[in-house]
Structure formats: C-alpha cells, structure tokens
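Everything below concerns the one structure shown next.
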Amino acid sequence: MATSTGVSARESKHASKPVVDLVAATVRFCGDSGDGMQLAGNQFTNTSALAGNDIATFPDFPAEIRAPRGTKAGVSGFQIHFAAKEIFTPGDQVDALVAMNPAALVTNLGDLVRGGILVVNKDAFDDKGLKQAGYEESPLEDRTLSAYQVFPVEITRLTRLAVEELGLGVKEADRCRNFYAMGLVFWLYDRSLEPTLRYIEAKFGKRPEVAEANRRALRAGYNYGETTEAFASQFRVHKAELAPGTYRNIMGNEATAYGLITASIRSKCELFLGSYPITPASDILHELSRHKNFNVRTFQAEDEIAAVTAAIGASFGGAMAVTTSSGPGIALKQEGIGLAVMTELPLLIINVQRGGPSTGLPTKTEQADLLQAVCGRNGECPVPVIAARSPADCFDVVQEAWRIATRYMTPVFVLSDGYIANGSEPWKIPDVKAMPPLEIKHPSPLTNGEEFHPYQRDERLARPWALPGTPGLMHRIGGLEKQDITGNVNYEPANHQHMVDLRARKVANIAQDIPPQVVSGPPRGKLLVLSWGGTYGACATAASEVQAQGGSVAHAHLRYLNPFPANLGEILHRYEKVLIPELNRGQLRLLVRGEFLVDAAGLNKVQGKPFSVFEVVDKINELLR
Amino acid sequence: MATSTGVSARESKHASKPVVDLVAATVRFCGDSGDGMQLAGNQFTNTSALAGNDIATFPDFPAEIRAPRGTKAGVSGFQIHFAAKEIFTPGDQVDALVAMNPAALVTNLGDLVRGGILVVNKDAFDDKGLKQAGYEESPLEDRTLSAYQVFPVEITRLTRLAVEELGLGVKEADRCRNFYAMGLVFWLYDRSLEPTLRYIEAKFGKRPEVAEANRRALRAGYNYGETTEAFASQFRVHKAELAPGTYRNIMGNEATAYGLITASIRSKCELFLGSYPITPASDILHELSRHKNFNVRTFQAEDEIAAVTAAIGASFGGAMAVTTSSGPGIALKQEGIGLAVMTELPLLIINVQRGGPSTGLPTKTEQADLLQAVCGRNGECPVPVIAARSPADCFDVVQEAWRIATRYMTPVFVLSDGYIANGSEPWKIPDVKAMPPLEIKHPSPLTNGEEFHPYQRDERLARPWALPGTPGLMHRIGGLEKQDITGNVNYEPANHQHMVDLRARKVANIAQDIPPQVVSGPPRGKLLVLSWGGTYGACATAASEVQAQGGSVAHAHLRYLNPFPANLGEILHRYEKVLIPELNRGQLRLLVRGEFLVDAAGLNKVQGKPFSVFEVVDKINELLR
Amino acid sequence: MSTDTSLPVLTPNDFASDQDVRWCPGCGDYSILAQMKKILPSLGVPREKMVFVSGIGCSSRFPYYMNTYGIHSIHGRAPAVATGLKASRPDLTVWVITGDGDGLSIGGNHLMHAIRRNLDVNVVLFNNRIYGLTKGQYSPTSPLGKVTKSTPMGAIDNPLHPLSIAIGCEGTFVARSIDTNIKHLGMVLKRAAEHRGTSFIEVYQNCNVFNDGAFEYATDRETKADTTIELEHGKPLIFGKNRDKGIRLNGMNPEIVELGKGISEDDLLFHDEQAPEPSLAYLLSRMTYPEFPEPIGVFRAVDRPMYDELLNAQIAEAKKTRGEGDLNKLFRAGDTWVVE
Amino acid sequence: MSTDTSLPVLTPNDFASDQDVRWCPGCGDYSILAQMKKILPSLGVPREKMVFVSGIGCSSRFPYYMNTYGIHSIHGRAPAVATGLKASRPDLTVWVITGDGDGLSIGGNHLMHAIRRNLDVNVVLFNNRIYGLTKGQYSPTSPLGKVTKSTPMGAIDNPLHPLSIAIGCEGTFVARSIDTNIKHLGMVLKRAAEHRGTSFIEVYQNCNVFNDGAFEYATDRETKADTTIELEHGKPLIFGKNRDKGIRLNGMNPEIVELGKGISEDDLLFHDEQAPEPSLAYLLSRMTYPEFPEPIGVFRAVDRPMYDELLNAQIAEAKKTRGEGDLNKLFRAGDTWVVE
Ligand SMILES: Cc1ncc(C[n+]2csc(CCOP(=O)(O)OP(=O)(O)O)c2C)c(N)n1
Ligand SMILES: Cc1ncc(C[n+]2csc(CCOP(=O)(O)OP(=O)(O)O)c2C)c(N)n1
Ligand code: SF4
Ligand code: SF4
Ligand SMILES: [Mg+2]
Ligand SMILES: [Mg+2]
C-alpha cells in the first residue's frame, strides 16, 4: 500500500509505550456545537481512511443552530468506526469517548462500552457546566464513572498554555481545544498527524498565527498522550483488505451530487436542480451549486412546489431534471410529481428522509417516507422508487435512477436518509473512462408535414422525448388525461382505463430491466432478513454475525422498492420466516405482505437513530429460537 | 301516502292510451350543455321523488364550461333511476333516452337497452349537427337505430310553435326546448306536471313571459305524447315502500354541507370551512356559504394550503374546522394535515374524489385517493379515514367523522366522490329534536398557578382541547416532535418512539369505538364482496341479485377504512374467497391483503364511471363458478 | 420589408393547432388568442422555438390552441415551470398564460418570484375577475361586495391590483390592455415579446358566462374614451372623447383637469415608462375607475439584469476560470489513497 | 396613570415562558423578543387572549418563548393559520412572527393575501437577509451578488423589498424598525398592535452567525444618522447627525438636499402616513442605502374594512334577516313528501 498523497511516517517514531493491535475501534468526539467536534471527527475519519482502514461515520448534529453554550440541546457529536476489515456501520458502542463538557458527557455516556476509554475536559466541569448538564455533583468525583477508564485532562488550560506565546486572545486560544483533543486521540490510536497538519495549512494558511496555534495544540495533545503517565498503552488498527484502487472518503450527500453530475455527463444531458433548502437535503444543493463548470444549473426556488415544477419545465426542455428535499418538502411536491407522471417526463425526486411526521425531528434519521413515495399522490399515479444503502451507494443509485427515468420516461423517486446523507465511508473512485454512456434518444425533426405523436410508445412503453426547438415536433402536454398516441386531451372511459393501465404496466415492466434480487447466506432456510435503504449496514452485519454463529439466516437488501425485483416473491417463499427491520412502523412490511401475502415480521424502531447491530442480532436470534 | 306540499292529481286524468306498470325505469336526458339537461333531470327526479318512487340519479357534466355547441365534448347528461322498490344505483342501462342532438345521441346510445325508447330532436339532425357528431349519414335514415323504438320529434319547431304568440326571440324560444322534452317524458311515465309548474313560477316568476313560454312548452310536450299516434302506451312506476317519514331529495354535496352544519349544532362548535374551489367539491363551499345564520364561516382561501392551515388555526381557536377539496388539492394539503396530526387538533378533510392522476378527469368519478389518504404524508402520520356510500349517507358520515375527530383530537379524512357528490336520492329527514348532542369538553381555567399539560391524555389517549382565552392554559404547539405530557419540543429517542407509537395507538383504538362490521347475506360461505365508498349501490344490488339466484355470496360495505372495524379480519376468514370491487387499481385490496393476508381478488375499473350492477354480478358469478 | 429567406414567412394561421377551440362562444379569450397569433409571425422566431406554458383555468387552455410547444401545467405553477424551462433553455421564447385565479390566487408567489428574477419570459394574465373554469367563484381581483357562488352576501376581501403587485415586486415590464381593443392588445403583446426580462401584461377579459360586463365601462364605445387613458412614453396623460381632459400631479396625488381654461398640456403628468424607480408606474397603477380613467399601455419598461442570462454567465465564467468539468478531477479533489 | 383594577398589572417577565431561549448568543432575535415583552403589558390585553403564530425558521421559534397561546406552524403558512384563527375568534389578539424566507419565499402568497384581506393581525417579519435555521442560504432579501452556501458565485435574483410588496398588496399599516434601535422598535410594535387591520412590520435583524453585519450601515453609531431617516407623520423628512439634510421631491423622484443654503424645511417632503393612496408610502419604500437614507417608522397607517369584521358582520346580518339557523327549516326548504 502507498498513499497517493505521500503521507509521511508517523510523528513519533519511537513509541515508548506498548501498542495493542485491534481489528476495529469506535471513537466518538462530543462537545458543544461551538467546540468543533464535527471538524475533529472529520479529521480523524480522513486520517484513518488514509491509513487504509475501512471506516463508517455518524455525525449527530443538534437541532438548534447554536443552542446556549454548555446545554444538552447544544451537544454535537461525531462517531468514527474504523477497522482492519470490511465494516458497514459506525459501530453500536463506543470504545473511546471524548467529552468536552458535562452536557456532552451526560448525553453520550450511555453509548460507551463498559471498560471503555473516557477522555473529559476537566476544566469544563465547573459548577455552571455541571448544572447545565443536570449533574448535582461532579461525575468525576463520585462513582458515576467507575465502570470506565477515565482520563480527566485539563484541555482548556493545557491548550491555552500550548498557544500562549502566540498572543492570541482567550477566545481564540480556546478555539484550538478541539485540535488538542484530536492530538491526544491521534496518539491513542497511533495515527499520523500529517493529514491534519496539511488541512491546517490549507484552511488557515492565510492566518498564520491561527494555523500555528492549531498546530501547537494538536502536537501538545499528541505529546500529552506520549509523555504523561496517564495512558498506559496505545492502540493500532491495521489497514483493511479493500479491493485495489484509488480511494477517498465520501459523504452520502456528496456522493449523491457526484452521482448526479456523473449521470449528467454519461447521458450528455445538462443537469438542472430545482430545490428549496431543507435539512438534511440542503448539502446536495450546496455541493451541486459549486460545479457550474459541469453545466450544472442550480435553482434555489421560492418553495418546493416551484422547485419540482421548475424541474418539470427543465425536463420538458431536455435537461436532466432533479429535485431534492426531505419529508415535508416532498409532501408539497406530490401534486407536481403527478404532473410528471401524466406528462411522462423524466425527473429525479430525491428524498433525504428525516424524522417525522410534520416538521418532526429535522436533524434525525428515519425511513418513514416509503409509503409516501409509493402511494402518496392523487389518482393511480405509479412512480418507480429506489433507495440508497450507504453513503457511497448514493453515487450509484442516482445514476441508476436516471437510467430508469430516461428509458421509461418517468419520474423516479430516490430515497436516502439523514444517516447516510451525513455519514461517510471510503469510496473506490470509479474509472471514469470505463463508464458506459447512458444513451438517450430524442426524436428527429419532421419536416415533410408528417404528424408527430407525442404519446406513441416504444417497446418499453416509453413515449418520445421531443425537445422544443425541433422543427415539426410541436406538441402540447399537460395534466389532463391524454388520448393514447396523439396525447390530445381525452375523457373517454375506455381511453382512461387504457392509459391508467398503461402507466401502471410501464412502471411494473421495469422489474424486467433490473438485476434480480441477490441473497447473501443460505438460499433457503429458517429466516430471511429483508431490508432496504440505510439500514443495510446493521442488517448485513447482524446477519453475517448470526451466520458466523451457525444461525440459518439469509439477508436480502432491496434497492428497488417499486417495482420489486421480479424474483422477490419466489425468494420470500423459500424461507420459513421473513423479518423486515425498518426505521418506521412497518412500511415495506405492508407492501410486501400486500403483494406477496407473506407473514413478514417487523423489527421497528422510530427513534431518530439507526439500528444497532445487536438490536438486529437479538431479533434474528429471537426468530430463530 | 300524502304529500306535504299538496301535489295535485295528474294533469291528464283520462289517459287515452294503455298504461303499462313497471317496477323500475331509467331515463336519461342528454343534449348540449346549453340545452338545460341538468334542469330537466332535476325536475324529473323531483317529480318522481314526490310521486313516492325511490330514486337514484347520475348527472354527467362535460369538462368544458361551454364546449362549442353541438360537439361531443359539450354533451351533458342526466340519468334518473326511479322505482317502486328500494334501489341503490342510477341504473346500468337506460330504458328511455332523450337526445337533443346528434352528438348526444352518438355518445349516449351505447347505454340504451335494446328495444328501448329513443326520443330525438329531429330538427338538430341537420348536416352541421351530424358532422359534429361524426355521422357520415343521418342515423335516423339508415339502420343504425333499428334495435330501438325511435321517436324523431321536431322539438325545436314544435317548441317555437308553442311559444309563438308570446313574441320571444328565436334564441329565447329555443331555450324552452328542454321543457318540451320534459313534458313529453312526463307524459310517457305518467308524471304530474305540478311540481315543475311550481318550479317555473318560483324561478321565472319575475319574468312572466319566460315563465309562460316554459309552461306552454311543457304542456305542449305533454300533449304531444297524449295526442300524436307515435306513442302507443304510457308507463307507470308506483310508489316505493320506504320507511315512514318525511322525505326530500338530496344530493351528496348538499348532504355533506347539511351534515356539517348539523354536527356543528350538535357539538355547539361554530363551523369554519377553509376551502379553495375545485370540481367536484366546490358545491360544498357554495352551499355552506349560504348558511351564515348557522354561524358558519366560509373562507375561500388563496390556495389549498392556506385552506387547510387556516382551518388548523380555527381549530386551535376552538372552531369546528373543515377543509374540502378533491385529489390534486388534497395532495397540497398533506403537509398541513401532518401538522394537525402532530398538534393533535380536530379537523375534517373532505375529499370529493375525481379521476386522476394529476388534473386527470375533473368532472368524472373515481376512488383512487384511498392510499393517498391513508399513506400520503411524510413520517408515521396516522389519520382516521371514513367514506360515504351514497348521497344521503354523506350527511351521516361527516357527523361521525366529527365525533371521532373531537373524541380523539385528530384530523379525520372523509372520502366522497364525484358520483355521490352530484348524484341524488330520497332522504328521510331526521328528527332534529332526537339528535343526541356531540359532547366536547374543553379544560377549565387554571388560576391557582397549577401547570397545564397540553399533551396529558385521557382514557382514549386524547389530549385536552384548551382554548385560547382560557386563563392559565397558555401553551404552545407546533410541528416539531413533542415531549409526552408537557408538549415541549423534544428530540429524545425514547420519547419519539413513545409518541409515534402513541399516535398510532390512538388511531388504532378507534376500532373499539365504531360499530362492528355488518355483513348482508350468509355469515360464511364461498364469497364475500367487500366494498367501500360510492360503489355501495352497485355492489349491494349485485350481491342481492346473485343471492336471489341462489349464489353463496355475502356483502360487506366498509365505512371505516382506517382503522378497519375490529371484527373485519375474522369476517374475511369466514369466506373462501374475497372480492374487492373498486374504481381504482386495487387500493383497498392492498391494505386488506397487507393487514389480513387474505388473497382478495379485485374487480377494478378506472374509467371515470361508476360500476354497472351487471359488471359486479358477472365477476361474482365468475368467482362462484 | 424583406424577410430572411431562411425563415418561411408565417401567417397567424400557421400558429393554430389542430384542436377545436373550446371556450364559450363570446368569451374574451378568443380575441386574445387571435391577437397572439397575429403578432407572433412578426417576431421572426420559428414556431418550434416557442413554448406556451399555462396553469389551470379557462385561460390556461390557451397552449392547446397554439401550434407551438406547450405545457398546460397545474394550477398556479406556470411561472415556475417557465422558470425551469427558460433557465435551462435560453434559446427558447417562453410565454406564460395565466388567469386572475391561477396567477394571483394559488400562483401569486410564483408569479411574484418570476417577476423579481426577471427571467426573459412573457406573462399574460387574463383578468376576468372571476373563476371561470370552476364556474363562477370570486377571484382576487373581484371587487368588494361581488356576489358569486362562494360569496352569496358579497365578497369581503379587498381586491388585489395585478399591476401594483407586479410593480411592487420589481417588474421590469408592466402593461395592461383589453381583450376587445385588438390593435392596442396586439401592440402590447408585441412590445412584451420584444422586452428583455419578465414582461407582465394584464389583459381585461370578459367572461360572458360568469361575469359578463365586468369591464363594460372600459369597452363600451360610448364611455371608453372617458374611462380609460392610453399611456405613451414621453407624452402627457390626455383622455376623453375630445381629448380635452388630462391628469395632473398634485404632490403625490393625480387629479383630473380640463385642458384649456389656463391648463395646458405642459402642466400635465408626462408618462415615463423608463423611469429607473417604479414610483410613477405604481402611482398610475392606483388610478381606477370610477375615480379615474384607467391607464392602458406600457406602465414600465426598463432594462435590468436577467436571471437566465446571469445564470448562464456564471456557467460560462465557471468554465473559464476552472476549466470544463472533469469528473476525474472532481472525484480526486480531496485526499485520496491507493489500495494495491 | 391608573390601570383597570380587574386586570392584574403585568410585567415583561410575565410574558416569558418556561422554555430556554435557544437562539445563538448575540442574535438580533433576542432584542425583538425583549421589546415585545416590554410593550405587551401596555396593551391591556390579558395573556390568555394573545396568540403568537409563526412558521419555521430561527425567528419562528419566537412563540415558544412567550407565555401566551402559540402555534409554531409549518414553513410559510403562519399568515394562513392566523387568518383562520382570527376570522373565527375575533376576540383574540393575534401576532404573526415570520422571517424573510418564511414570509417572502415559501410564504409570500399567504402574506400577500393576509395583507390584502386586512385581518386584524400583526405581522412581524424578522429580516436578516439569510436563511438562518437551515444554516446560511440566500433569501429573497439577500442582495444581488451575495455569496452564500447555495450561491457560491453570488446571488443572481433581484432582491424583494418587503415594504414595497406590502404596499403593493394594499397594506393598511406598513412599518420598519431595527433590532438594536430598541426604543423605536418598541414604539413601532406598539403602534402595530393598536392598528385595526393587518399591521406589517419589517424588522432589520442581525444574524451574527450566517450574515453578520448585514445592517451595520443602519446600526453603527457612527453612520446610522446618515443612513437612516425616521418618519414622523406630518413632519418633513430630515436626517443626518446634525439634522441638516432632508429629502425633497423632484417630480416623482426623491432627492437629498442640504438644509440652509436657500432650502428650508418647507421645501422638503412631508410625511403623511394617512394618505389615502399608498403612492407616497411606496416611493419611500424605494429609498435604499447607499443612495438614500433608509426610512424607518410607520410608512402607512390607514383605516380600511377588515376581513374578520366584515365576516362577522355578515354572520350577524344573516341571522338578523333570516333568523338564527334552524335545522328543521333548512332540511325542509325544498319539496318534501311524507311516507306513512
Ligand atoms: C390544485 C388545484 N386547485 C384547484 C383547482 C380548480 N381550479 C381550476 S381553474 C381554477 C380557477 C380558475 O380561475 P382563473 O385562473 O381566473 O381562470 P379562468 O377560468 O377565469 O380563465 C380553479 C380553482 C385545480 N385544478 N387544481
Ligand atoms: C416545507 C419546508 N421546507 C423547507 C424547510 C426548511 N426550512 C426551515 S426554516 C427555512 C428558512 C428560514 O429562513 P427565514 O424564514 O429567513 O428564518 P430565519 O431562520 O432566518 O429566522 C427553511 C428553508 C421546512 N422546514 N419546511
Ligand atoms: S367560463 Fe367565462 S372565461 Fe371560461 S370560457 Fe366561458 S366565457 Fe370564457
Ligand atoms: S442562525 Fe442567525 S438568525 Fe438563527 S439564531 Fe443564530 S444568529 Fe439568530
Ligand atoms: Mg379568471
Ligand atoms: Mg431569515
């Protein structure tokens, strides 16, 4: 292994303390939202990725922009699971927790493994801090933390000391505390400081005293681990065996944006995004708006209705039309999506799901918008639905969605969620040259006075995508029922039945054009775990853990939710039981039961949080018993 | 039987032609939308109702306001089924068809029974009229109509003649043609002219020459039947055996409006309607806006979103909040409905369904918004759903919906459809004094500084409906997840799970508070027909026809679609087969299969038209075979 | 006048689609359709480069009758549809057809934002002061007290003035005409088409079925010279059958004066459609019958940056400074590592 | 001053709810909250008669901090929620709290229609020229060229002027104040509360996290006397540290003049908030920094019929002419028949 960016050898060559090798570890940084915990997490992620680990991350933002300092509402966290093997989740429990204040400690301690490492910023445990966290007494002084290896470090004081010579104000000095904490954790897991030093240079290069302060804090934290007697040993997680290739770390929303740009290039169709900001989807808009040199047009609309209908206008004009939002915004788009169904125009609707109903829990994850996607419009209004399973998978899913949208002239729903949108994992950068084009045919001009039929169909029942500007193809479309072939407005009973059936058949037929469902584990047996979307990691890990213990369990993860893969019914009937774990009250379960009459059981959690592996394992074992 | 309004004996006492007694008959008037066919239909309906028949009507409007005269797009029709027995549908086939022009003939002839009576306005069958209808040759002159009893009447000429002396212009004279046609049909079915003469007086009394012209035309038509040799016999449909009481004819939207006003009075809660016009729901707004003396406040909002959110505001203030719309408008309201779910405020959402998807077929009927009602919002967002089965049933259903909404503090969906909204039937006027109050409790002031808990629950899990203006109950609600009991904003995982489950349980519990599902027909056996909404008439009639022929079929009609009645699962399992006829592609079927794992078959029609009885009968027989 | 030989000379009829026109006989929409077909050939834009976008309403059926590209979208959303289309296809000539309900009730926000963005589209609002398609409810332009199906005791909402709103949200081209004043209407449509930026035109349109005569004061041969006033750039505001009356400014208030009797044209208010600030246009938009003659013509026509142009300029600029997008570079922008 | 003994004398603190205020430290919202709490006791309305309705945004968290009734509704819809509430509960005092995104982007149409209906509610729009809650995208009031998360190359939409819009849609009370100008803000809030009809107030509000200093020109001690001008009814428009500058009307154009040097106060534009036509208010709403000092204060305050009042008057009228509703009569209004 070599790193393309030439990461140098580790800072401290001669570790004076014993090093314990681990297969995997999970670290979480938590503190006030002003404490820079997201930055710390990202740096640790990046460094671990560059060190060759497989990684999975889970950032957890507070709902408020900046809740009052030190309150529980203001706690921000970032968890990194890094491993010398393939992993799929950010980890159920935390091996090492860094808590920058009492509020962070009280809200995060529950996830720390017994015997785990706990680093706290001792300076923050003053009366005010304790009170804000609801502690009557300092947990550092009573027996609250007796089950853990506790390291109270005077992070504030030591950071100030480290940057003292630079003459910064107290506020600015304190802003370096996250680098101090990082340094310490970097030492603990035997990580290189190089990538972060490079980051500091790139980010703060223009303000040299700030850059220098961050550097000093980082090194001071590192050296604290190395030199004080508090820490007895270091840990090391070797690089994982990943498929050969060039890798980078990627977040879900970023992968979505990249996938969209890639689909645009592959299909030679300029990208138009109509969007209205909403958590946790906004970052797709932000990312795409930065890539105008790819002919990407982003339109921040006045609302979600304008966003989707502008996208429909762009689609009529021949653009690759996309709209992004989250639950409440998607609700507003449904009338517009109906128009896209009736006009049979390609369009991607990306829903980065969050906790609901209503405004719900904007910064939390959930899978409760599946039925909304499948059933949530007036009339018989079928729309294909596909879902991403991990941050990097977003890249592939949106391209697949665009393939379907253009081959079948239909809007397509893509479901992501807050968990994968903000989570990250290593992504093997694809070979751009090897990517096949996504071919789109637009009908040619008709100049001999021949009549153009906008609702004539090809073998896939797709109508032609005739572009304004093409002579002889002038036509009018709209939301009223269309006459077959001509596309004229038509209210005749038989035609309506025909068109309703045809639209349904067109979407149902997509089942023939997607890969058959694969199953990992025994091809038949006691239990099939059927999952979809962002719970992939937990379900796959749980199933393989139980398999490793000899349990007769298989796992199938659905990418296609409407239509289902053609072989799904057959697969379901090969198992005695079916378990559908979902972060909702059983939405896929309703669809699967209704379509296949299989008495599928559910594992349902609606807490704004992803599954832990053990929750799925426990349920599997219960059903296997 | 006596009529409260003192209808006099029939016009022509000594019928000179034989009179044939019938149990039931179906008549349809059709013509250009300017021809006054709806008026003719309404008059015939009213007269038949007053004559004591049971009736069911089906008006069919063109989509255009006034399509060019004489075109097929402009044809307007009105069908009346009247009987000496209880009937539930406007009739599959027409016994007597009046066609005012060729376009009306060509679009309506298919429904005329073989051997049926066909009256056409011969004067309209000129070259232009024929061409507009797509006839190459006049159907009056070739063999097109050989299967029917054809009566070509020069309605235009004879009407002009009848009113000649009054000195009206040709245009005005021609406006009396519908009265001429009515008179003829009144004679044919031995109906009294009195009610229509009264109508003319009330409506045109201020323009005596118009009133007189209409009277003359009416009588002329009647006398034409009596005196010309064309018609060999008259028909008579005796009065039906209806439960004792005072009756009137009522249309679905009217019944909805009356039901709402009644619920408002029964619950002592002033009615607030937030609505935006849309076909076929607008008439509820129109009707309610006429009854301000019942403290009814109607607000024509700027759009559907404002309509529903204004209703939510009114509900917060303690009003009986209602919003009405049709499919596309309902799609727009879903985000708002989610807010009502989260804030747990009572609200009725009335969807008069029409053909979809998208703008679809605005003037046609369909049942394709059931899944939208049950599943069409972001997050886990349960809303009770109930459906009306006939025009008069709308009166009861909205009151029941308001009972549920206030007992459970929840929005409730009421599904109607274009067919029952515009259709009519006799309605036994309820005894106002015997109506029980709908009791609503609002919490009392707290003046001793006690804390008020807006999300504290009663035994039905309903939270208190505390009204602004009440001292000591000040509280804030909104769309973010609420803490149990306090109602404060809360993002904690366990609380979210608790609240999601609680909202679901609250709605599920309604199953305990509604009548068990009844079945008509054998309590177990080969086939159960399970229907909902406006298809009641066709399904009930079909099932009883097959039962009469000895078929082992039972019929259950669902009023409650979410939650289902508690005994539904048990009922379903008592039959070998289940048939769910729907005017959609199987929406109830999906829900029933998903919940009860019953392999229900579907009879699905999506043609903008109701079922014919024979379609259901055929399907039943097919499944019984 | 010679035409480019590469473009066939089109006639109004070339712009008629094969669909039967289905408005009520006598509807004012017919006349607007006719004028549109009449002016389009003069724009020199081939039919296939034109798109008519509409919402829902009688007026919004318009695109079906045009032999161009067209979208009959959903209620109120035409300006948004047009925005997406025009932003991504600057080569097209885009018209938006809307009604007083479609454009000012459900679609008010989209209209407002389209106008402020100043995309190069032309919006024609058919104002019949009623909901036609849904058979006669009051609209945001119906006067106070108007009795309709939904207001049996009379409307109680203050009506909106479409032009005041368009001016209130930064409209760069704002005009008014009347269905029956066909020459004037043609002129206004043509000027709108030629304007760079969002053109907003209100057309008084008679709905002879549900609101017959709403604009009779402005269309009646006998009265129209006194009840309307034609705006002309740089010209004083004169009206009346004998052109003997004018509008003068008294502080911020317009007043009617009679010419002669010591008052000359120079004392009158002179129209300036190009005034950089829209205050004059706004003031004119407040002149309503019966107090004042209602101005028709172009209230405002100024040049401002256009959204579509700026957007495409940013695309060009991005390509210039950062090079045509390269996926490989994009994917490898941050830290990467190689597994062998 | 003596207070009605039946009403306990309230203090600002009585209006504080038990919830922690969770805006960012330094946010301008705090000051608006403080002023609101300060003026409410003086209205003589008991807390339980007040309802604060908001949409979604940082600003829209406002109701949680008030010990009154409140609805934190959904994005953009607060004016509609308030309309339903006020129309059915005329006895309540209803406030709408909204932001530049909530009120002018997604909610523009509801705002416009609430204003034109002239319900008796008070709308306060916190204009920070940015989307705060969603972490920094541009808003409809962000200036052209503004670089934000969603506009890395600068915004290309012409900004809206909230007051021009409010005036464009028939606003009867239109005012502006500034978060840090606490005395002025209190005065404006109080006057809004006292106005009968929809009061619309734009408050310049600093978002110190995502758009710090957006209004520095108007809040900086050094410059504010030159960059803002306080409107007072019946008074000439004078501004400047030494009150030596004024605004004069040149035709329809305002211009800055120096007092003295032959120009006296009488030559200046005099403010008339009660002008029946809103043209002056409109013109004032167009005066923007840096060309002009930006007016603060009450632009317009006129008496017009109110929707809620008219609605309830129709109810009363219907009862008077037709009698209190009687179900039996209603059901039997048409033809009926008896089956025995
Ligand atoms: C979402 C939605 N709401 C309501 C309607 C019903 N609707 C169709 S057109 C219309 C109003 C039309 O009025 P206007 O825009 O003035 O057009 P006109 O018919 O007068 O030309 C309404 C309310 C609809 N089609 N879609
Ligand atoms: C339907 C819907 N769309 C989008 C959002 C996301 N959202 C919440 S607040 C907001 C904008 C807030 O801006 P503004 O109104 O200016 O308030 P501020 O935070 O600046 O006070 C957006 C886009 C939402 N909650 N709901
Ligand atoms: S209803 Fe009115 S606006 Fe509509 S087509 Fe008829 S006349 Fe024209
Ligand atoms: S993000 Fe801005 S507007 Fe929102 S609370 Fe923070 S400072 Fe205030
Ligand atoms: Mg209209
Ligand atoms: Mg803002």
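Protein chains get the first letters and strands the later ones, always in sequence-line order, with residue 1 at the start of each. What you see is a predicted model, and the numbers here were worked out from it, not measured in a lab.
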**Q.** Heavy-atom contact with chain C under 4.5 Å, split by part of A/Met435
**A.** side chain

Q | Contact winner vs chain C - A/Ala314, A/Ala243, A/Gly478, heavy-atom pairs under 4.5 Å | A | A/Ala314

Q. Where along residues 49-56 of chain C does a heavy atom come under 4.5 Å of chain A, listed by residue number?
A. C/Lys49, C/Val51

Q | side chain to side chain contact (heavy atoms under 4.5 Å, CB included) assessment of C/Glu317 paired with A/Lys292 | A | CA-CA 9 Å; C/Glu317 169 72 13; A/Lys292 296 198 168 56; over 6 Å; no

Q: Would you check if A/Phe316 and C/Val81 make a side-chain contact, meaning some heavy-atom pair closer than 4.5 Å?
A: no

Q: To the nearest 0.5 Å, tell me how far A/Ile477 CD1 sits from C/Tyr64 OH.
A: 9.0 Å

Q. Using non-hydrogen atoms only, which part of C/Leu92 is less than 4.5 Å away from chain A: side chain, backbone, both, or neither?
A. side chain

Q: Would you mind reporting whether A/Phe299 and C/Ser88 have side-chain heavy atoms less than 4.5 Å apart?
A: no

Q. How many angstroms lie between OG1 in A/Thr47 and CG in C/Asp335, if you round to the nearest 0.5 Å?
A. 8.0 Å

Q: Could you tell me the separation between the CE atom of A/Met474 and the OH atom of C/Tyr69, rounded to the nearest 0.5 Å?
A: 7.0 Å

Q: Please determine, by modelled atom types, if C/Glu324 and A/Asn293 share a side-chain donor-acceptor pair under 3.5 angstrom.
A: no

Q. Is A/Glu302 salt-bridged to C/Arg117, going by a charged N under 4.0 Å from an acidic O?
A. yes

Q | Separation of A/Thr246 OG1 from C/Glu340 CD (nearest 0.5 Å) | A | 9.0 Å

Q: Under 4.5 Å, counting heavy-atom pairs only, tell me which of A/Leu473, A/Leu467, A/Ile265, A/Val489 racks up the most with chain C.
A: A/Leu473

Q) Given C/Asn312 and A/Arg297, is the side chain to side chain contact (heavy atoms under 4.5 Å, CB included) satisfied, shown in steps? A) CA-CA 8 Å; C/Asn312 288 298; A/Arg297 288 175 178 80; 2.5 Å; yes

Q: Check whether C/Ala82 gets within reach of chain A through its side chain, its backbone, both or neither, counting any heavy atom under 4.5 Å.
A: neither

Q: Pick one of side chain, backbone, both or neither for A/Asn46, based on which atoms fall under 4.5 Å of a heavy atom in chain C.
A: side chain

Q: Pick one of side chain, backbone, both or neither for A/Thr298, based on which atoms fall under 4.5 Å of a heavy atom in chain C.
A: backbone

**Q.** Test log, rule side chain to side chain contact (heavy atoms under 4.5 Å, CB included), inputs C/Gln19 and A/Asn488
**A.** CA-CA 8 Å; C/Gln19 295 295 296; A/Asn488 291 333; 3.1 Å; yes

Q: Among the options C/Thr321, C/Thr83, C/Ile71, pick out the one with the most heavy-atom pairs lying under 4.5 Å from chain A.
A: C/Ile71

Q.
Under 3.5 Å, is there a donor on one side chain and an acceptor on the other for A/Lys433 and C/Asn328?
A. no

Q: State the NE2-OG distance between A/His475 and C/Ser17, to the nearest 0.5 angstrom.
A: 13.0 Å

**Q.** Members of residues 101-116 of chain C whose heavy atoms come closer than 4.5 Å to chain A
**A.** C/Asn109, C/His110, C/His113

Q) Less than 6.0 Å separating the ring centroids of C/Phe331 and A/Tyr247? A) no

